[in-house]
There are 2 protein chains.
Amino acid sequence: MTTIEAPRSAEQTDPKKTGIIDSDVHPNFVNGIRDLTPYMTETWRNRLGVSGDDWAKGMAAAQFTLPLDYLYINAAGAYREDAARPGMPPATDPDFTAQHLLDKHGIYRAVLLAGQCLGIGAMPDGMVAATIASAYNEWMCERWLQNDVRWRGALVVAPQDPEAAVAEIDRVAKRDGIVAVFMPLGEILMGEKHYWPIYEACARHELPLIVHPSGCENVFAKAPRMAGTPTFYLEWHTALGQIHQSNTLSMICHGVFEKFPKLKYIIAEGGFLWALEVMWKLDRDWKGLRNEVPWLTRPPSEYLLDHIRFTTQPFIEPHDPRHVGPLMEMLHADRTLMFSSDYPHWDFDNPQRSLQAVSKELRQKILVDTPRAVYGDRLD
Amino acid sequence: MTTIEAPRSAEQTDPKKTGIIDSDVHPNFVNGIRDLTPYMTETWRNRLGVSGDDWAKGMAAAQFTLPLDYLYINAAGAYREDAARPGMPPATDPDFTAQHLLDKHGIYRAVLLAGQCLGIGAMPDGMVAATIASAYNEWMCERWLQNDVRWRGALVVAPQDPEAAVAEIDRVAKRDGIVAVFMPLGEILMGEKHYWPIYEACARHELPLIVHPSGCENVFAKAPRMAGTPTFYLEWHTALGQIHQSNTLSMICHGVFEKFPKLKYIIAEGGFLWALEVMWKLDRDWKGLRNEVPWLTRPPSEYLLDHIRFTTQPFIEPHDPRHVGPLMEMLHADRTLMFSSDYPHWDFDNPQRSLQAVSKELRQKILVDTPRAVYGDRLD
């Protein structure tokens, strides 16, 4: 069985050449949004109904939970049961999480993604979402980034309010440990000018923009939709890539990467097989329809290959493992894929096991070289 | 100040002539959906992720909360702070609730409405909603209806699955204390044939059908919508009547009350001023457009006046209290209005205070006579 050896220690190897980068780890709250109250003004605590201590005082907050997937039930449990000390919610303790994920799997740097703020793009009030995003960023910096140099963070912005998002990027971008901007998904497709100020700020700070399933797809009225509302968690989970396919098409066709040539875009846990159809069909159609998008100066697939990266988890599992190789080639995986574990979620991918079907050379690209090229010196 | 005297005791007065009926009281769970686990099979507990005890086992359920209003935040708190013993969630203890609501305000009978199941119509899986509805009905019968004869119950059905809803009505309708069927709002307008089997079952069992705001309006993809998604709780709460206006128009125009002449329909906490426009505009337009709805044999307003009843809370508060009288007359309030308190919610109406601007004769109709005519002998 081919497995990947974890680097033995920082002394023995050069981590810039061998250190595994994990692009999708979710830090969690112990008490939901209440964990963020130290990072809000009293006015905002009152506004969100989280100012009181006793049960009745907290009824507003007892009703209000950060928007995630409330209507699809993962009966298997959404989290690894071993991802916490007994009795604690998973991935709430930076020390335990560092031992359980980073030490055990020889991970050099791991990018923290939004925890339970993944779905705030579904909130009708952008001011509320922006306030929660700012408080999350303070919480992440203080509780995680300052705790262990291996944690790196994606600062969260509210997609509803680009002006507030830009202000938040300018406020937090230069802090130690920040390596990306995380934008929750919203109902507006991502090529629209609505988001352009956010893209400008990301490019200006040389921070890649990361997206991820929100857990709200099809659930909330303001969240992105698939073709129709699926009934079961199983069908919803399988179709999650649809929204990323639509957003990728939208960004390419609106000329986002012509307008912002330094913008890097990472799709975490969004799959990538759908990108084949985007590249091939878009290139073919563009030949006849390029006057509809005259701002595109190159075959559309080139924007994808130059600007967009995909995280690996959940990795493809063709019925015949020999099909993995050709698919990697079709996808230009040596430049488009970046490893992710999705810790502490139920469908976690282990860096030593999940990429066994790919060549050693490609594994090096996926685990180390490509994420390094994307995040740059901010990793060290 | 004119106030209504509460009947002094059942011995001194005939409660059939003086006993106040409250048509909108919400019993609550202590631990959300987990309170319902004793009333589900083990298979369903596993399916809903509520079978385990420890935190990690329960992650699915920790994520899954019954759909209510998660995105609009009532910063004032959704509940009366005094509606519970210290440290307990409001309206979770039948004894305390009976003292605090029924004893204090001289209420003879109070109809329990769905508690935290108000929003299950927004769930994508109708089987899940139907299972929760059945478990709630068992819980309500055992914990509330058997505890105090003053509690009466509306049995809950899942609007997504009319076949299951009819089976549930047939299963529970004849139990002691059941006086109505409660149907959560869904995305399909209520005149559509989708719901007709439910209407047939209600009429057959002579149980009025009750609806109520779901807390999910505009929030979830499968829940009913207003014209657009409001930003603030304040604007959402003010516009709640829109959905009931649309459903009323739909039911009348589809001929539901011609098809089911024994069907009674109660709109709880949905307001009623919007009904004036329905009656007047529909009657006027019907004169020219009756060939579009040839099954209607009478002016549309007559269906409304004969079949539809409105609960009073939150009662109208015109800037000039002298306008209440004429509005009551326009609305035929002597036959269309039924008192409700909405206990334990924040905007509770006290039967002794909320109807001060209406005449003594009309108060008698609203507090006693009209609800008696609707619920009939099942109250005693």
Side-chain angles (χ1 to χ4, degrees), chain A residues 46-52 54-84 86-90 116 122-128 160 187 215-223 225 229-233 236 346, chain B residues 46-52 54-84 86-90 116 122-128 187 215-223 225 229-233 236 344 346:
Chain A
N46 287 330
R47 172 74 179 75
L48 298 180
V50 290
S51 57
D54 63 287
W55 203 96
K57 258 282 192 200
M59 274 309 294
Q63 296 273 39
F64 174 65
T65 317
L66 288 164
L68 271 171
D69 173 16
Y70 297 113
L71 301 188
Y72 295 107
I73 300 162
N74 180 335
Y79 289 84
R80 287 178 58 162
E81 292 183 18
D82 62 347
M88 288 291 290
Q116 285 129 319
M123 305 183 81
D125 187 342
M127 286 183 287
V128 170
Q160 299 96 326
E187 66 175 344
C216 299
E217 294 83 1
N218 290 89
V219 170
F220 293 104
K222 297 277 275 186
R225 303 285 156 74
T229 304
T231 303
F232 302 109
Y233 182 95
W236 166 80
W346 68 298
Chain B
N46 288 330
R47 173 73 179 76
L48 297 181
V50 290
S51 57
D54 63 285
W55 204 95
K57 260 280 191 199
M59 273 310 294
Q63 296 273 40
F64 174 65
T65 316
L66 289 163
L68 270 170
D69 173 16
Y70 297 112
L71 302 189
Y72 295 107
I73 301 161
N74 180 336
Y79 289 84
R80 287 180 57 163
E81 292 184 18
D82 62 347
M88 287 290 289
Q116 284 129 317
M123 304 182 81
D125 188 341
M127 286 183 287
V128 170
E187 65 175 345
C216 299
E217 294 83 0
N218 290 90
V219 170
F220 294 105
K222 297 277 274 188
R225 302 287 156 75
T229 304
T231 303
F232 302 109
Y233 182 95
W236 166 79
W346 67 298

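Just so we're on the same page: letters track the sequence lines, and every chain starts at 1. Side chains included, hydrogens not; waters and symmetry mates left out as well; all remaining heavy atoms used.
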- Provide the closest heavy-atom pair for Trp236(A) versus Tyr72(A) in the form atom of the first, atom of the second, distance. CD1-CE1, 3.8 Å
- Message: Restricting to non-hydrogen atoms, name the atom on Leu68(B) and the atom on Phe220(B) that form the minimum distance, rounded to 0.1 Å.
- Response: O-CE1, 3.3 Å
- Select one option (side chain, backbone, both, neither) describing which atoms of Pro230(A) are under 4.5 Å from chain B's heavy atoms.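 For Pro230(A), the contact with chain B is made by the backbone alone.
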- Answer with side chain, backbone, both or neither: which region of Asn46(A) has an atom nearer than 4.5 Å to a non-hydrogen atom of chain B?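 Only the backbone of Asn46(A) comes within 4.5 Å of chain B.
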- From Thr231(A) atom OG1 to Asn218(A) atom CG, the distance as rounded to the nearest 0.5 Å: 10.5 Å
- So which part of Pro344(B) gets closer than 4.5 Å to some heavy atom of chain A, the side chain, the backbone, both or neither? neither
- Note on the structure: By side chain to side chain donor-acceptor pair (under 3.5 Å), Gln160(A) pairs with (sequence neighbours left out) none
